[in-house]
Amino acid sequence: MHTTTAASTTQAFRAASIRRPAFIITTTAAAATFPAKRRYLSVVPTAKLLINQTARRPSTPPSQMNFNFFRNFFSSPSPQSVAMASQKAQKLIDENAVVVFSKSYCPYCKATKSLLSSLDADFKVVELDEESDGSAVQDALQEISGQRTVPNVYIAKKHIGGNSDVQSLSSSGKLKALLTEAGALKA
């Protein structure tokens with residue numbers, strides 16, 4: 001029966017490094033996200049090395065951080081919050097000539113906003129990733145229009161669609177007419 005000790009692991013690592021002078025050390029995802037006094041480093045291609053590190057403990061225990069992450073990632077908004085978000089979304093659609101429900105990092109949203117800006121349109125942008133109830137608003141938009149993806153564009157209380165729909169309307173010349181009818185073009 002062979003038992004592995006820290007000394008034998010170190011000797012195996014030294015032997016591997018002598019035979020293979022070019023190797024890359026990368027931290028595993030668990031070590032990067034779960035601070036501890038000891039972290040495992042993986043050596044490409046296969047060897048593992050145990051390294052002692054003194055790491056500062058975060059103020060929130062890792063188990064609670066993981067729970068909060070998974071709770072926020074996998075949970076869906078409550079029916080009450082979706083109802084409130086539905087009222088909020090409908091109010092925005094009713095009160096503005098043009099509304100773009102967007103996310104700040106989305107390239108398609110940026111293209112839509114850029115196109116509307118180039119036409120000198122007056123439009124309201126709602127960045128769902130910056131809203132506290134953004135996920136609920138996105139669920140409400142799916143109930144209202146059947147579209148959950150962003151950008152989600154409304155002109156004169158009418159659902160237009162996403163970026164490809166807005167770009168198609170622009171290339172056919174119909175977008176400017178819709179914006180003029182809605183009174184969204186700046187003079």
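Predicted model only: the values in this text are computed from it and were never measured.
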[X] versus [Y]: any side-chain heavy-atom pair under 4.5 Å?
X: Val150; Y: Leu128; value: yes
X: Asp133; Y: Met84; value: no
X: Glu131; Y: Lys88; value: yes
X: Leu116; Y: Val98; value: yes
X: Asp129; Y: Tyr105; value: yes

State whether the side chain of [X] and the backbone N or O of [Y] hold a donor-acceptor pair below 3.5 Å, judged by distance alone.
X: Thr180; Y: Lys176; result: yes
X: Ser145; Y: Leu141; result: yes
X: Asn152; Y: Gln147; result: yes
X: Ser118; Y: Leu115; result: yes
X: Asp165; Y: Gly162; result: yes
X: Ser117; Y: Lys113; result: yes

Nearest non-hydrogen partners of [X] and [Y], listed with the distance:
X: Ala89; Y: Ile144; value: CB-CD1, 4.1 Å
X: Ser104; Y: Lys110; value: O-CE, 3.1 Å
X: Ala182; Y: Ala156; value: CB-CB, 3.8 Å
X: Val100; Y: Pro151; value: CG1-CB, 4.1 Å

Derivation and outcome, side-chain contact (heavy atoms from CB on, under 4.5 Å), residues Leu169 and Val166: CA-CA 5 Å; Leu169 287 172; Val166 172; 5.6 Å; no

Can you tell me how far apart [atom1] ([X]) and [atom2] ([Y]) are? Round to the nearest 0.5 Å.
X: Phe101; Y: Arg148; atom1: CZ; atom2: CZ; result: 13.5 Å
X: Glu127; Y: Cys109; atom1: CD; atom2: SG; result: 7.0 Å
X: Lys158; Y: Ile155; atom1: NZ; atom2: CD1; result: 8.5 Å

Report the C-alpha distance between Leu119 and Leu179 in whole Å, list the side-chain angles of each, state the deciding distance to 0.1 Å, and finish with yes or no for side-chain contact (heavy atoms from CB on, under 4.5 Å). CA-CA 9 Å; Leu119 294 172; Leu179 293 171; 3.9 Å; yes

Do Phe123 and Leu178 land in one hydrophobic cluster if side-chain heavy atoms of ILVMFWY residues count as linked below 4.5 Å?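 They do share one cluster, since a chain of ILVMFWY contacts under 4.5 Å joins Phe123 to Leu178.
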
Joint hydrophobic cluster, Leu175 plus Ile160, side-chain heavy atoms closer than 4.5 Å: yes

Under 6.0 Å from the NZ atom of Lys124, do we count more than 12 heavy atoms belonging to anything else shown?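 No - once you tally the heavy atoms of other residues, nucleotides and ligands closer than 6.0 Å, there are 12 at most.
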
Taking Glu181 first and then Lys174, would you say they form a salt bridge - that is, a charged N and a carboxylate O separated by under 4.0 Å?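 Here Glu181 does not pair with Lys174 in a salt bridge, since their nearest N and O are not under 4.0 Å apart.
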
Side-chain donor-acceptor pair present, Gln138, Lys103, cut-off under 3.5 Å: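 Indeed, the side chains of Gln138 and Lys103 share at least one donor-acceptor pair under 3.5 Å.
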
